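Let me begin by presenting the structure, written as structure tokens, before commenting on it.
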Amino acid sequence: MAIRLFDSLTRQIRELKPSQPDGVFRMYCCGPTVYGPAHIGNFRTFLVQDVLRRLLELEFGADKVKHVRNLTDVDDRTIAQAKREQRPLAEITKHWTEVFHADCRALNLLPPQVEPTATGHIAEQVEMISELLAKGLAYVAPDGSVYYRIAAFPSYGALSRIKERELKVTVATADDDHKDDASDFALWKAYKPDEDGEVKWPGPRGAAAGRPGWHIECSAMSRKHLGDTIDLHSGGEDLLFPHHENEIAQSEGCTGHLFSHHWYHCKFLLVDGAKMSKSLGNLYTLDDLTAKGFSPMAIRYALLSGHPRKQLNFTLESLGAAEKAIGTLDRLLERLMYKFGHFPRASPSNRFAGVLTALRDDLNIPAALGTLFSAIASFDPESESTDADFAAFEQILKVFGFNLRIALRADRVIPENVVALAEKRWAAKKVKDFKAADALRAELTAAGWSMLDGKDGYKLEPLKKA
Ligand code: AMP
Ligand code: ZN
């Protein structure tokens, strides 16, 4: 069964597949703005994208998914923070990038293959703006800023279905006096000494020195690292308009090619039923929650537990339930590892088959978790589980990215060379080559493992250290 996912542009559930002959699935996710700690709402979106990536890797192969997620390290918010703290912009963004990476590791998010920064791609952004100027899709305003002329891009609004009149109301800002049309957006912002401090670069030809507008970074970095056309572009629901609408105008206006085959937006995380905000005191970071004693895996579970296309209401009680659910998974893994010991063999007939099917069906995470827990409740792992159940269970844990305590225990992770020796010995025993089997047992002992032979299989156990 193919992986199908809602597409925000066509508003249909469509199959996800690589569009290019190399078979690589290209996905771009808008990343964090690194001027403070990411909050758990940001992580909801990044976690949903992580599960999607893991599912795609299972489908197409781990080396056939290319995931790019940027770091916004120059924009209005980062510059304002540098000004507030009276510190260089790069110092602030470096610090918060490190914090972000530490949070990602704790939450077991796979690092993207490329994590480009806006400041590391000024030349690419200037180049793209120059191309848009040359095509008449952009113009230099009297103050030396550059704006996108949306009247020159007829399909503007296709993603958000925003109407022209609404557009003018929505986007009216203080910069209006420089624009030809209120709905045009900035590609390049002329330097303002009072606001921008040290932050400026030479602009496109004919424009003032300054810095890129926010939207252009994703168009330029996506093009550089994934090519003109990608397979999936994703972000939180707030990015659909204007950010992604503007990215389409920039990218397609510039290259003349389709920008992305698929668009996916994760709905917001609410806290106690309300939008998260510092002033309401309901904004949580990962640190806030671990300081209360919750484990990062339970936080991962709680943030993933709703349907990504529905808003999710986060409460501390939901973390308590997540902690229990992770405990259940942990105990099952421990029992299966104890029972089977070796690396399990996959087989289509297992008790968990419906779980991945639910994920493939528009990333229906609640249905997948529901199926998982009813399957767990329906059998006795001690007497009824099979090797194939174990294999399927491990695969599910991997796709959900649940790194469990039992799996982390060093003595439970069986090195691959030990498994290879055990497999060889088992094969030797089956053909009654006991000499070879004994020699292999000696090798296993030397490696610190004992092999217990059963009727239909074997179990590996670490030798007790003297
Ligand atoms: P930002 O750091 O603000 O650029 O946001 C990083 C990512 O988090 C973007 O994909 C946003 O759409 C997403 N995001 C922001 N707030 C929330 C929220 N409350 N729930 C889910 N995703 C969010
Ligand atoms: Zn973006």
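Here the structure is a predicted model, which is why all the values come from computation and not from measurement.
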How are the rings of W214 and H243 set relative to one another: parallel (under 30°), tilted (30 to 60°) or perpendicular (over 60°)?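 W214 and H243: parallel rings.
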
Determine the interplanar angle of the H265 and H244 rings, folded into 0 to 90°, and report it as parallel if under 30°, tilted if 30 to 60°, perpendicular if over 60°.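 Correct class here is tilted.
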
Would you call [X]-[Y] a salt bridge at under 4.0 Å N-O?
X    : Y    : result
D50  : R69  : no
E57  : R53  : yes
K224 : E127 : no
R360 : E59  : yes

Distance-only, no hydrogens or angles: does the [X] side chain make a donor-acceptor pair with backbone N or O of [Y] under 3.5 Å?
X    : Y    : result
E384 : S378 : no
E115 : L71  : no
S450 : L463 : no
N70  : G31  : yes
D361 : A358 : no
N350 : A388 : no
R300 : F400 : yes
S318 : T315 : yes
Q250 : H215 : yes
N364 : H307 : no

Is any side-chain heavy atom of [X] closer than 4.5 Å to a side-chain heavy atom of [Y]?
X    : Y    : answer
T72  : E217 : yes
D73  : T97  : no
L356 : Q395 : yes
K267 : K310 : no
P212 : L187 : no
F373 : L329 : yes
L226 : Y28  : yes
L16  : D231 : no

Under the side chain to side chain contact (heavy atoms under 4.5 Å, CB included) rule, what do T290 and I299 come out as? Steps first, then yes or no, please. CA-CA 9 Å; T290 50; I299 299 166; 4.0 Å; yes

Passes side chain to side chain contact (heavy atoms under 4.5 Å, CB included), T119 versus T93? Steps please. CA-CA 10 Å; T119 57; T93 56; over 6 Å; no

So, applying side-chain contact (heavy atoms from CB on, under 4.5 Å) with F402, which one of L333, I326, I396 is it?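 Of L333, I326, I396, side-chain contact (heavy atoms from CB on, under 4.5 Å) with F402 is met by I326 alone.
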
Minimum heavy-atom separation for [X] to [Y], with atom names?
X    : Y    : result
S222 : F259 : OG-CE1, 3.6 Å
L359 : L55  : O-CD2, 3.7 Å
Y156 : A249 : CD1-CB, 3.9 Å
P296 : A106 : CB-O, 3.3 Å
E131 : C254 : OE1-SG, 3.1 Å
N108 : G401 : ND2-O, 3.0 Å

As an exercise, state the distance from [atom1] of [X] to [atom2] of [Y], rounded to the nearest 0.5 Å.
X    : Y    : atom1 : atom2 : value
L269 : E237 : CG    : CD    : 10.5 Å
Y301 : L369 : OH    : CG    : 4.0 Å
L52  : Q49  : CG    : CD    : 8.0 Å
L5   : I13  : CG    : CD1   : 8.0 Å
H261 : L232 : NE2   : CG    : 11.0 Å
L240 : R161 : CG    : CZ    : 10.0 Å

When you check the side-chain N and O atoms of E247 and H233, is any donor under 3.5 Å from an acceptor?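 Short answer, yes.
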
Would the number of heavy atoms belonging to other residues, nucleotides or ligands and lying under 6.0 Å from NZ of K64 be above 12?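 Yes - once you tally the heavy atoms of other residues, nucleotides and ligands closer than 6.0 Å, there are more than 12.
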
If you count the non-hydrogen atoms of other residues, nucleotides and ligands that lie under 6.0 Å from NZ in K339, is the total more than 12?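 Buried by this count: over 12 neighbours within 6.0 Å.
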
Full working for side chain to side chain contact (heavy atoms under 4.5 Å, CB included) between V68 and M221: CA-CA 9 Å; V68 178; M221 297 192 283; 5.8 Å; no

Evaluate the criterion salt bridge (charged side-chain N to carboxylate O under 4.0 Å, His left out) for residue pair K398 and E394; output intermediate values, then yes/no. CA-CA 6 Å; K398 194 170 166 197; E394 287 215 308; over 6 Å; no

Below 6.0 angstrom between ring centroids: does that apply to F46 and F100?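 F46 vs F100: aromatic centres under 6.0 Å.
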
Can M337 and F390 be said to form a side chain to side chain contact (heavy atoms under 4.5 Å, CB included), step by step? CA-CA 8 Å; M337 280 178 136; F390 186 16; 3.7 Å; yes

Just to verify, which of H121, R26, K66 counts as forming a side chain to side chain donor-acceptor pair (under 3.5 Å) with H225?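 Result for side chain to side chain donor-acceptor pair (under 3.5 Å) with H225: H121.
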
